[in-house]
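The analysis underlying the following values was restricted to heavy atoms, covering all of them including side chains, and did not include hydrogens, waters or symmetry mates.
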Amino acid sequence: MRIALGVDALYAPLCPAVWLGIGETSKVVLIFYTAVFIVTLNTSAGVMAVNESKLRAAAGLGAGRRQILQRVVLPSTVPYILTGARLAMGNSFLTIVSAEIVAAQVGLGSLIWTSRNYGRIDWVLVGIITLGILGLAYDRVLRLIAMRVLHKYGVKM
């Protein structure tokens with residue numbers, strides 16, 4: 001029974017390709033599928049990490065539930081949300097390259113896999129370096145966004 005559940009969990013990410021066919025829609029669903037859980041888990045960790053004394057202080061000063069959420073919970077959770085977004089972005093890169101290797105005719109994953117099959121190591125390296133540069137660029141963009149958002153809430157990075 002446990003082995004069967006493990007095998008099901010292994011093949012679960014392939015479900016969007018089965019449901020939606022091989023194409024762009026299934027890639028978008030697969031990226032969403034892999035990214036949303038990372039951001040959700042980090043967000044819930046951030047909410048659980050909010051200092052209880054801050055919540056009590058806000059309630060003691062007469063803040064309602066909505067004000068506590070906006071002025072205490074959200075500012076405390078923003079670093080966790082942004083960290084989750086950065087982790088999800090990296091995981092999304094891995095997912096899309098894997099999806100392109102398995103079932104695509106175009107894309108960096110397809111380029112790397114096809115070049116590997118034909119023994120073109122130079123093109124494999126070009127694909128890998130391009131992925132590294134894109135990942136670094138997206139990470140820097142998310143860091144800039146994070147710095148601006150965190151500065152708004154008074155968090156120094």
Working to the nearest 0.5 angstrom, can you tell me the gap between [X] [atom1] and [Y] [atom2]?
X: M89; Y: L142; atom1: CE; atom2: CG; answer: 5.5 Å
X: L61; Y: R71; atom1: CG; atom2: CZ; answer: 12.5 Å
X: L131; Y: L136; atom1: CG; atom2: CG; answer: 12.5 Å
X: N51; Y: R56; atom1: CG; atom2: CZ; answer: 9.5 Å
X: I96; Y: T34; atom1: CD1; atom2: OG1; answer: 9.0 Å

Side-chain donor-acceptor distances from residues 35-47 under 3.5 Å, at least two apart:
{"residue": "T40", "atom": "OG1", "partner": "V36", "partner atom": "O", "Å": "2.6"}
{"residue": "T43", "atom": "OG1", "partner": "V39", "partner atom": "O", "Å": "2.7"}
{"residue": "S44", "atom": "OG", "partner": "T40", "partner atom": "O", "Å": "3.3"}
{"residue": "S44", "atom": "OG", "partner": "L41", "partner atom": "O", "Å": "2.9"}

Quiz item: Run the side-chain contact (heavy atoms from CB on, under 4.5 Å) check on V73 and L55 step by step: do they pass?
Solution: CA-CA 8 Å; V73 176; L55 296 173; 3.8 Å; yes
Restricting to non-hydrogen atoms, name the atom on [X] and the atom on [Y] that form the minimum distance, rounded to 0.1 Å.
X: A58; Y: I68; result: CB-CG1, 3.9 Å
X: S115; Y: W123; result: OG-CB, 3.2 Å
X: P79; Y: P75; result: CD-O, 3.7 Å

Quiz item: Is there a side-chain contact between I31 and N91, using heavy atoms and a 4.5 Å cut-off?
Solution: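 No, side chains not in contact.
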Self-check item: Residue pair L108 / L134, side-chain heavy-atom distance below 4.5 Å
Solution: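 Yes, their side chains come closer than 4.5 Å.
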Quiz prompt | Identified side chain to side chain contact (heavy atoms under 4.5 Å, CB included) counterpart of R120 within the set V124, D122, N117 | solution =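 Going through V124, D122, N117 one by one, the side chain to side chain contact (heavy atoms under 4.5 Å, CB included) with R120 is satisfied by D122 alone.
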Same cluster for [X] and [Y] if Ile/Leu/Val/Met/Phe/Trp/Tyr side chains link at under 4.5 Å?
X: I128; Y: L111; answer: yes
X: L87; Y: L94; answer: no
X: L74; Y: I145; answer: yes

Quiz item: Hey, mind stepping through V149 and V78 against side-chain contact (heavy atoms from CB on, under 4.5 Å) and telling me if it holds?
Solution: CA-CA 8 Å; V149 171; V78 167; 3.5 Å; yes
Self-check item: Flag, side chain of Q70 to backbone of Q67, donor-acceptor distance under 3.5 Å
Solution: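 No; judged by distance alone, with no hydrogens or angles, the pair does not exist.
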Quiz prompt | Where at least one partner belongs to residues 73-83, residue pairs that pass side-chain hydrogen bond (donor to acceptor under 3.5 Å, both in side chains), sequence neighbours excluded | solution =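 Not a single pair qualifies under side-chain hydrogen bond (donor to acceptor under 3.5 Å, both in side chains).
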